[in-house]
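In what follows, a structure is listed as structure tokens, so that the remarks can point back to it.
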Amino acid sequence: MSKTSRSAGQPGSPVSRAHVGLTEEQIVTAALEVLEGDGLDKLSLRAVAGRLGVRVNAVAWHVKDKAGLLTAVADAMMADCLPARLPRDPDERVRRLLESFRAALRSRRDGARLALAGFSLARPHALAYAEAFNAALRSTGRSPNEVAWTAWTLIHFVVGLVNEEQTSPDRTPGTEAAAADPALFPSLAEAITHLTKESFDGRFTYGVDLILTGRSAVRTTD
């Protein structure tokens with residue numbers, strides 16, 4: 001049998017040897033470099049392989065496909081989301097965990113979009129963070145249903161806020177509506193000027209407090 005006729009999965013074939021000496025950690029490191037340099041839209045198996053100087057199938061052997069790559073990179077971003085020490089007070093614990101989550105998203109270019117595309121509880125860092133976050137919410141006296149829905153609301157609020165901050169740093173509703181006629185849109189003109197790029201920290205604190213202290217009129221079941 002000639003070398004070219006070997007199946008890709010047989011021992012000794014180029015594909016089966018491609019992964020030797022390459023680790024997922026190296027792939028994730030290279031992927032983060034691509035992300036920082038070129039952004040999420042340019043992050044691909046081919047781009048990572050090019051940075052590492054290997055063939056695409058060497059990268060694919062470890063992460064399988066683009067979805068697997070994004071999942072691995074997103075989990076690496078979550079590595080620092082779980083502080084070594086957390087406050088005793090459950091509400092403060094929730095707030096501290098959200099602060100660390102927001103910081104992790106902001107630490108990477110397109111971090112919010114990466115979280116949306118690659119977050120998976122099948123990965124260790126995401127799983128550890130989710131357990132700590134849900135446990136903190138449970139400690140506040142919420143039912144399991146309330147924990148699930150409150151966690152979902154808070155996480156999506158933070159991701160959405162960071163996504164706005166990262167994708168349009170020079171484009172805010174306030175600047176876009178600057179030319180709006182106050183006579184025609186008085187309420188909008190009055191309110192929208194408060195949505196500025198300088199207000200993200202304040203909006204984060206306000207939104208988290210509003211969600212944690214407010215109670216929904218919708219009845220939940222355990």
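FYI, side chains are in, hydrogens and waters are out, and symmetry mates aren't considered; it's all heavy atoms of this structure.
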#### Entry: Distance-only side-chain donor-acceptor flag, Arg142 / Thr140, under 3.5 Å
yes

#### Entry: Axial cation check for Phe200 ring with Arg203, 6.0 Å and 45° limits
yes

### Summary
Taking every heavy atom of Gly111 against every heavy atom of Met77, the minimum-distance pair comes out as O-CE, 3.4 Å

### Message
Could you tell me if the side chain of Val73 sits less than 4.5 Å from the side chain of Arg108, heavy atoms only?
### Response
no

### Task
Would you give the length of the straight line joining atom CZ of Arg106 to atom CD of Glu165, rounded to the nearest 0.5 angstrom?
4.0 Å

### Query
How about Glu190: does its CD atom have over 12 heavy atoms from other parts shown lying under 6.0 Å from it?
no

### Task
Can you measure from OG1 (Thr23) to NE2 (His62) and round to the nearest 0.5 angstrom?
7.0 Å

#### Entry: Side chains of Leu98 and Ile155 in contact at under 4.5 Å (non-hydrogen atoms)
yes

### Summary
Closest heavy-atom pair, Pro186 versus Ala183, reported as atoms and distance to 0.1 Å, is CD-O, 4.1 Å

### Task
Could you pull out the closest heavy-atom pair between Ala136 and Leu97, with the gap in Å?
CB-CD1, 4.1 Å

### Query
If you round to the nearest 0.5 Å, how far is CZ of Arg102 from CG of Asp201?
4.5 Å

### Task
Report yes if some heavy atom in the side chain of Leu40 is under 4.5 Å from a heavy atom in the side chain of Arg109; otherwise report no.
no

### Query
Which word best sums up how the rings of Phe133 and Tyr129 line up, parallel for under 30°, tilted for 30 to 60°, or perpendicular for over 60°?
parallel

### Task
State which residue, out of Thr150, Leu137, Asp89, fulfils the side-chain contact (heavy atoms from CB on, under 4.5 Å) condition with Val94.
Leu137

### Query
Which pair of non-hydrogen atoms, one from Ser120 and one from Ala126, has the smallest distance, and what is that distance?
O-CB, 3.3 Å

#### Entry: Least distance between heavy atoms, Ala104 atom then Ser107 atom
O-OG, 2.6 Å

### Message
Can you confirm whether Pro124 sits close enough to Asp75 that some side-chain heavy atom of one is under 4.5 Å from a side-chain heavy atom of the other?
### Response
yes

### Query
If you draw a 6.0 Å radius around CG in Asp80, do more than 12 non-hydrogen atoms from other residues or ligands fall strictly inside?
no

#### Entry: Spacing of NZ belonging to Lys66 relative to CG belonging to Leu45, to within rounding of 0.5 Å
8.5 Å

### Query
Which value, rounded to the nearest 0.5 Å, describes the distance between Glu131 atom CD and Leu121 atom CG?
10.5 Å

### Shortest non-hydrogen contact between Val48 and Leu69, atoms and distance
CG2-CD2, 4.0 Å

### Task
Check the pair Asp91 / Thr213 against side chain to side chain contact (heavy atoms under 4.5 Å, CB included), numbers first and verdict last.
CA-CA 10 Å; Asp91 284 321; Thr213 59; over 6 Å; no

#### Entry: Over 12 foreign heavy atoms within 6.0 Å of CD, Glu25
no

### Query
Rounded to the nearest 0.5 Å, how far does CG of Leu22 lie from CZ of Arg55?
13.5 Å

